[in-house]
Amino acid sequence: MPVRNAPLRPLIKALSLSSTSPPLLTSPPTTSLSFRRLFSQTPLRNADFTHAVIGGGVVGLAIAQSLARNHPSSSTLLLERHGAIGTETSSRNSEVIHAGIYYGANSLKTALCLRGKELLYSLCAKHDIPHRRTGKWIVAQNDLQLAALEQIHSFCKNELHVPIEWVSLETAREREPAVRAETGILESPTTGIIDSHALMLTLLGLFEEAGGTLALSSDVKAITPLGNKGSSGWELVVSDPTGETSTITTETLVNAAGLGAVEINNLIVPQDQHKTLYYAKGNYFSYPAPQPKVSTLIYPAPEPGHGGLGTHLTMDLAGRIKFGPDVEWVDSPDDLAVNQSRLGQTIKEVKKYLPGLDETQLVPDYAGIRPKLGRASAVAHGKGFVDFWIEREEGWEGWVNLLGIESPGLTSCLAIGERVGKLLYGR
C-alpha cells in the first residue's frame, strides 16, 4: 500500500529548529467557534504537536483525519509501528459494513455502528470508494435460533428503528435456492461490503490534505505524562526499525493502537491498573467454485456466549465467496497463518446453511486477529458482552484511550473519529 512516510528523527529536528512550524491550538480556532478545549488550558508551549494518534489502522486514520480537518490551526501526528498503514486487523477482516443490530440499545457499539454506517456510505459515495449494499440474511435452523431472530427483529423494530424484514421460506427459495433455512430468515438491507484498502487510502489522503503528518515504522516504546498527569502535555519515545529512538512531545494523546492498545495503556497507568488483551483469531477459507452461487451475505443466527458472529458467507467486490471468521483463541497477535485443522469445523458450520457446498473446493485464504478485553460474547444478549472502551481517561489530561476495538470497528471508524473529537474539545 503506497504511502508517504515522514522519517521521524529528521522531522523532529526540523520542528525544533523551525520558527514556521504549524501553530499549536491554544484557543478555539476561528473556523470552529463551537468547539472548546477539554484538555489543559496551559499546554506545553513548545510541544511538537497538538495531537499524537498512535495506530495507523482504519480507526486511527479516521481519528487523525477528523482532528486535522476539524482543527486546522492544530498539528496532528499519526504514528504507525509497521511500514505501511492498516496491516493488522484493518486489512484482515470480512470488509462488511454492518447494520448495527447485535450489540444492545445502550452500547457504544450500537451507537457508533449506526452513525458510522451512515457516515461511511456517504464517504463512499463522495469519494468513489468501491462498495456495495449486498444486504444480509441471518438464517435459523431450529426453534432456539428462530427465537434469537425474533429477539433481533423486535430490537430493531422497537428500539433501534433499523430496517429489518422477515423473508418467507418460499421467497428465499426463489432468491437464493442454494441457501438452507429451516425455521426462519431475517434480512438486513443496509448491510454491505467495502474495499477496506481503498477506504484507508482515502482517509490517509484526507489527513495529508489537511496537513497531517504520518510517521511509519515508528514504534512507541515509552510514554511520560508531563506536569500533573498530562496537564503539560505528553512525551513519547519512538523507535525506528534500527532501534534508534526519537523523543517527541504532544499536547494530547490518542491511543488507537488496536492490537497494541493495551500495551500502550500499560505504558501509562500504574501496574495495578494494567489490562490484559485476548486474541481471537479468525480463519478464512475462500471458495473459487462457481456453484453453489450466492449473491447475499449469509450469517447463522447468533449464539449466546460465542466470541464472534458465527462462520458466515461473505464476498469481495468481485463476487469471490469466502467463509469465516471462526473463533480460535491464540496467545500471540502474530499468529496469522490459517489453521488448516479448522477446515473440517468450517465445512460443518457452512453446510448447515449451504448444503450444496463442494468441500473439496475450499482453500485457506487468510486470518485476522480481533483484540478483545475478555473471552466474551460478541452480541449483547450473550454472557459477558464487552463493549468498546473509548473514553477520556479519568484523572489524566488530554488522553483518549481506545481499547477492545474489534467488530464493528471498520463500520464505526468515522463515528469513532467524531467521538474522540468531542471527548477532546466538546461542542
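- Under the 3.5 Å distance criterion, the side-chain polar atoms of N93 are matched with a main-chain donor or acceptor of S90.
- Side chain of E80 to main chain of H82: a donor-acceptor pair is present (N/O by atom type, distance under 3.5 Å, no hydrogens or angles).
- Applying the side chain to side chain donor-acceptor pair (under 3.5 Å) criterion to K351, with sequence neighbours excluded, gives E359.
- Screening residues 137-164 for salt bridge (charged side-chain N to carboxylate O under 4.0 Å, His left out) gives K157-E165 as the qualifying pairs, with residues at least two apart or on separate chains.
- Judged by distance alone, the side chain of S107 and the main-chain N or O of D387 form no donor-acceptor pair under 3.5 Å.
- Side chain of R342 to backbone of V327: a donor-acceptor contact under 3.5 angstrom is found.
- Relative ring orientation between Y299 and H98 is described as perpendicular, the plane-to-plane angle rising above 60° on a 0-90° scale split at 30° and 60°.
- Inter-residue side-chain proximity for V294 and E176 is flagged as met; some heavy-atom pair is nearer than 4.5 Å.
- More than 12 heavy atoms of other shown residues, nucleotides or ligands fall within 6.0 angstrom of atom CG in N158.
- At least one donor-acceptor pair closer than 3.5 Å links the side chain of N255 to the backbone N or O of A261.
- Side-chain N or O atoms of Q65 include none that pairs as donor or acceptor with a backbone N or O of L204 at under 3.5 Å.
- Under the 4.0 Å criterion applied to side-chain N and carboxylate O atoms, E391 and R419 are assigned as salt-bridge partners.
- In this structure, CZ in F388 is found 5.0 Å from CD1 in I405, a value given to the nearest 0.5 Å.
- Taking 4.0 Å as the cut-off between side-chain N and carboxylate O, E394 and K229 do not count as a salt-bridged pair.
- With hydrogens and angles disregarded, a donor-acceptor distance shorter than 3.5 Å links the side chain of T249 to the backbone of D48.
- Residues V420 and V53 fail the side-chain proximity criterion, which asks for heavy atoms closer than 4.5 Å.
- In this structure, the separation between OH on Y279 and CD on E328 is 15.0 Å, given to the nearest 0.5 Å.
- Under 4.0 Å is where a charged nitrogen must lie from a carboxylate oxygen, and between R173 and E170 no such pair does.
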Residues L77, T250; criterion side chain to side chain contact (heavy atoms under 4.5 Å, CB included); working and verdict: CA-CA 9 Å; L77 172 67; T250 178; over 6 Å; no
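- Within the model, atoms CG of L79 and OG of S218 stand 5.5 Å from one another, a figure rounded to the nearest 0.5 Å.
- With respect to E88 and R81, a salt bridge is recorded, a charged nitrogen being found less than 4.0 Å from a carboxylate O.
- Between the R392 side chain and the L423 main chain, a donor and an acceptor come within less than 3.5 Å of each other.
- The two residues P355 and A178 come nearest to each other via the heavy atoms CD-O, 3.7 Å.
- By the 4.0 Å N-to-carboxylate-O rule, D365 lies too far from K322 to be salt-bridged with it.
- The nearest pair of heavy atoms linking T110 to G104 is OG1-O, 2.7 Å.
- By the 6.0 Å contact criterion, NZ on K275 is open, its count of non-hydrogen atoms from other residues, nucleotides or ligands being 12 or less.
- Aromatic pair F285/F323: ring centres not closer than 6.0 Å.
- The closest donor-acceptor contact from the side chain of E182 to the backbone of N142 lies at 3.5 Å or more, if one exists at all.
- The environment of Q273 atom CD is dense: over 12 non-hydrogen atoms of other residues, nucleotides or ligands sit within 6.0 angstrom.
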